[in-house]
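Any value given below was found using the heavy atoms of this structure, including those in side chains, with hydrogens, waters and symmetry copies removed.
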Amino acid sequence: MQCQTKELIANTLSEMVKNQHFDSITITDLVERCNVSRQTFYYHFSDLTDVLEFIFNRKVESIILECTETADLKTSIRIMLEAGLMHQRFLHIVLESRLRGKIENTLLDAIKKGLLLGFESIPSSRPLSKEQIYLMIEFFSYGIMGVLMYRDMHELEDLDRAASGIYALIRNTISPTSK
């Protein structure tokens with residue numbers, strides 16, 4: 001029951017931010033919409049940004065799981081871009097909150113995990129040290145994070161083409177002669 005209540009609160013806030021600005025939502029608004037007491041709210045969360053963080057982490061875990069289920073780097077990149085498109089408004093809301101630094105780190109770590117899972121599937125024309133691989137993953141993770149945070153994802157007309165382009169950049173960095 002406790003888990004269901006926590007999910008109810010999180011899902012309700014997710015719905016509320018689709019229709020109104022996060023800063024205009026109060027705990028009173030949220031608990032009334034959920035039909036739970038303030039005491040119940042505070043049992044699960046310390047404040048509204050705590051709920052935002054919970055929602056964000058849940059979304060990130062889902063994306064990482066989806067990337068884990070594929071061994072293909074291009075597919076992992078597409079999954080990340082698609083999630084960015086689906087959740088862009090929510091991402092911007094979270095980034096405007098006091099959680100920005102924490103959220104950026106969580107997002108960066110998730111992108112790194114997603115890339116690392118498929119990175120080894122790319123054949124290399126030369127041996128790469130662990131440090132070189134780490135630096136490449138770090139570099140491309142910041143690039144993808146920049147696209148997710150600052151680009152209007154709706155301008156990406158074809159996610160497959162965008163994922164293929166990012167994949168080609170990575171593949172050509174690792175193995176300039178591979179096709």
Side-chain angles (χ1 to χ4, degrees), residues 1-70 75-119 134 137-156 159 162-163 166:
M1 182 69 172
Q2 290 177 358
C3 188
Q4 290 175 333
T5 303
K6 188 171 189 170
E7 290 292 326
L8 171 67
I9 293 168
N11 292 339
T12 302
L13 183 61
S14 282
E15 288 302 311
M16 290 175 77
V17 297
K18 289 178 183 176
N19 301 315
Q20 64 189 100
H21 196 276
F22 175 70
D23 291 336
S24 70
I25 298 170
T26 65
I27 291 172
T28 301
D29 296 334
L30 180 58
V31 297
E32 284 176 2
R33 178 84 69 84
C34 293
N35 200 26
V36 298
S37 68
R38 287 179 75 86
Q39 182 178 359
T40 300
F41 174 86
Y42 285 114
Y43 176 79
H44 296 286
F45 299 103
S46 59
D47 58 21
L48 288 174
T49 54
D50 193 26
V51 184
L52 273 183
E53 183 177 9
F54 175 78
I55 297 166
F56 183 78
N57 287 335
R58 189 176 58 182
K59 289 178 194 259
V60 166
E61 287 169 11
S62 170
I63 294 163
I64 291 172
L65 179 64
E66 196 174 345
C67 288
T68 303
E69 293 171 352
T70 179
T75 304
S76 291
I77 293 167
R78 191 191 191 296
I79 289 167
M80 289 182 243
L81 293 177
E82 186 174 25
L85 177 61
M86 287 176 39
H87 304 294
Q88 188 171 33
R89 178 166 158 57
F90 182 78
L91 178 61
H92 285 247
I93 289 166
V94 174
L95 289 171
E96 290 172 1
S97 74
R98 65 179 169 84
L99 297 170
R100 183 181 183 99
K102 196 177 214 181
I103 294 301
E104 285 176 346
N105 288 334
T106 301
L107 182 60
L108 185 62
D109 288 344
I111 294 168
K112 285 179 190 176
K113 286 177 187 172
L115 291 180
L116 186 59
L117 293 168
F119 210 81
Y134 176 77
I137 289 172
E138 182 103 354
F139 178 81
F140 286 107
S141 295
Y142 275 104
I144 292 171
M145 187 167 96
V147 169
L148 295 176
M149 289 173 52
Y150 300 112
R151 173 129 189 213
D152 182 355
M153 295 298 290
H154 298 300
E155 292 177 2
L156 290 177
L159 289 180
I166 294 169

- Message: The test is side-chain contact (heavy atoms from CB on, under 4.5 Å); show your working for Met86 and Lys59 and say whether it passes.
- Response: CA-CA 11 Å; Met86 287 176 39; Lys59 289 178 194 259; over 6 Å; no

- Task: Go through the side-chain N and O atoms of Tyr134 and Glu138 and say whether any donor and acceptor fall under 3.5 Å apart.
- Result: yes

- Query: Short question: side chain of Asn57, backbone of Phe54 - any donor-acceptor pair under 3.5 Å?
  - Reply: no

- Query: Are any side-chain N or O atoms of Thr49 and backbone N or O atoms of Leu52, one a donor and one an acceptor, separated by less than 3.5 Å?
  - Reply: no

- Message: When you compare the side chain of His87 with that of Val60, does any pair of heavy atoms fall below 4.5 Å?
- Response: no

- Task: State, yes or no, whether a side-chain contact exists between Phe22 and Val94 at a heavy-atom distance under 4.5 Å.
- Result: no

- Task: Give a yes or no on whether the backbone of Val17 and the side-chain of Arg89 come within a donor-acceptor separation of less than 3.5 Å.
- Result: yes

- Query: Should Leu95 and Leu107 count as side-chain neighbours, where that means a heavy-atom distance under 4.5 Å?
  - Reply: no

- Are Phe45 and Ile27 side-chain neighbours, meaning at least one heavy-atom pair lies under 4.5 Å? no

- Would one find more than 12 heavy atoms of other residues, nucleotides or ligands at under 6.0 Å from atom CD of Gln39? no

- Item | Polar side-chain atom of Asp29 near backbone of Ile25 as donor-acceptor pair, under 3.5 Å | no

- Sort out for me which residue in Leu81, Thr75, Ile79 forms a side chain to side chain contact (heavy atoms under 4.5 Å, CB included) with Ile77. Leu81

- Task: For the pair Glu15 and Lys18, evaluate salt bridge (Lys or Arg N to Asp or Glu O under 4.0 Å) and give the outcome as yes or no after the intermediate values.
- Result: CA-CA 5 Å; Glu15 288 302 311; Lys18 289 178 183 176; 3.0 Å; yes

- Taking the side chain as every heavy atom from C-beta outward, state whether Thr28 and Arg38 have any atom pair closer than 4.5 Å. yes

- Message: With heavy-atom distances below 4.5 Å as the criterion, would you say the side chains of Phe56 and Ile93 are in contact?
- Response: no

- Message: Any non-hydrogen side-chain atom of Glu53 less than 4.5 Å from a side-chain atom of Asp50?
- Response: yes

- So which heavy atom on Leu148 is nearest to which on Gly84, and how close? CD2-CA, 3.7 Å

- Side chains of Leu108 and Lys112: does their closest heavy-atom pair fall under 4.5 Å? yes

- Message: Please determine whether side-chain contact (heavy atoms from CB on, under 4.5 Å) holds for the pair Met80 and Leu115, giving the CA-CA distance in whole Å, both sets of side-chain angles, and the decisive distance to 0.1 Å.
- Response: CA-CA 10 Å; Met80 289 182 243; Leu115 291 180; 4.1 Å; yes

